[in-house]
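Below is one structure, written out as structure tokens; the observations come after it.
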There are 2 protein chains.
Amino acid sequence: MLEAILMMYLRRGAAHGYDLAARLTECGFVGLNPGLVYRALRGMEDLGWIRSAWDGEASHGPPRRVYSLAPPGEQAMEDLVRGFREIRGLIDKVIAAYEQQAGC
Amino acid sequence: MLEAILMMYLRRGAAHGYDLAARLTECGFVGLNPGLVYRALRGMEDLGWIRSAWDGEASHGPPRRVYSLAPPGEQAMEDLVRGFREIRGLIDKVIAAYEQQAGC
DNA sequence: CTGTCTATTGACATTTTGTCATTAGTTGCC
DNA sequence: GGCAACTAATGACAAAATGTCAATAGACAG
């Protein structure tokens, strides 16, 4: 989930972790401290979904790592979305079973 | 998820673990070996959501434990369903963001 | 030169999930 | 009687996911 959201953000342009973490909290995703975001980013980089490089631009702080979406990431995003649709189908099934007290 | 489905089944009547596991596979829920079902059942019993008793009826096998829904389980089921709706909302949000390339 | 904000990393604990062997009773076959 | 197959439940262990939080460190304001 977190990974999917981060890739959605990256698809709109490269960004660094701290920014992404801030955007998440702005957008109302709670309980996601920066550590989780950084871990997710590193994990996705290990998988080849995203790339990173140290930012050459002068920042008002320590050096920062800029992440951008890599081609395998586009594919991964599609797969994730497909998985989400499946999960949504399952949830619908369970909710329907709850309301109608029937079905599988 | 598994817990919710099991409670849905139990709402329709008491049953024992092996039966529930079989019903799950019948209904197309894959990757759920009996061990997972038994563990989920014991966990829910610890939470007071369900109750169990050894089956008095003669069975064609070893003694079996019959589970039934307890009143706190009804409440828990409602809470679970509410949670599912929330997750569903999140998924919708992410899928929409993926398709329209906009939003949070 | 101290505190604060930005930025990333790493260590550790907890929880969840998956796998699989073990125990054990019943039934049916030879 | 002995043995295999099926039913039924439990427990131990490993792996993966998640959560928490301290440590490091550059830049800037006072």
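Not measured: the values here are computed from a predicted model. Residue numbers begin at 1 in each chain, while the letters A, B, ... track the order of the sequences.
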Practice task
List the steps and the verdict of side-chain contact (heavy atoms from CB on, under 4.5 Å) for B:Glu45 and B:Leu41.
Solution key: CA-CA 6 Å; B:Glu45 191 173 14; B:Leu41 289 170; over 6 Å; no
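- Residues B:Ala15 and B:Leu10 come closest through the heavy atom pair N-CD2, 3.9 Å.
- The shortest heavy-atom contact between B:Cys27 and B:Tyr9 is SG-OH, 3.4 Å.
- For A:Leu36 and D:dA22, the CG to C1' distance is 15 Å, given to the nearest whole Å.
- Separating the CG atom of B:Asp55 from the C1' atom of C:dA24 is a distance of 16 Å, rounded to the nearest angstrom.
- Following chains of ILVMFWY side-chain contacts shorter than 4.5 Å, one cannot reach B:Ile5 starting from B:Val66, and the two form parts of different hydrophobic clusters.
- The interatomic distance linking B:Met44 (CE) with D:dA9 (P) rounds to 13 Å, in whole Å.
- For the atom pair CZ of A:Phe84 and CE of A:Met1, the computed distance is 5.0 Å after rounding to the nearest 0.5 Å.
- Atom P of nucleotide D:dG19 and atom CG of A:Leu32 are separated by 8 Å, given to the nearest angstrom.
- Atom pair B:Asp46:CG and D:dT10:C1' shows a separation of 13 Å (rounding to whole Å applied).
- Between the CD atom of A:Glu3 and the P atom of D:dA16 there is a distance of 14 Å, rounded to whole Å.
- Nearest heavy atoms, A:Ala21 versus A:Pro34: CB-CA, 4.2 Å.
- Relative to the six-membered ring of A:Tyr18, A:Arg64 misses at least one condition, a distance below 6.0 Å or an angle of at most 45° to the axis.
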Fill in the blank from the handout: Heavy-atom contacts, protein to nucleotides 4-10 of chain C, under 4.0 Å, summarised as B (base), S (sugar-phosphate only) or - (none) per nt, yield --BBBBS
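- B:Met1 places its CE atom 12 Å from the P atom of C:dT17, with the value rounded to the nearest Å.
- Between the CG atom of A:Leu2 and the P atom of D:dA17 there is a distance of 13 Å, given to the nearest Å.
- In the helix from C:dC1-D:dG30 to C:dC30-D:dG1, the terminal helix axes, each the rotation mapping four pairs' C1' atoms onto the next four within five end pairs, subtend 20°, rounded to 10°.
- A salt bridge links B:Asp92 with B:Arg88: the closest approach of a Lys/Arg side-chain nitrogen to an acidic carboxylate oxygen falls below 4.0 angstrom.
- Looking at every heavy atom in both residues, B:His16 comes nearest to B:Arg65 through CB-O, 2.8 Å.
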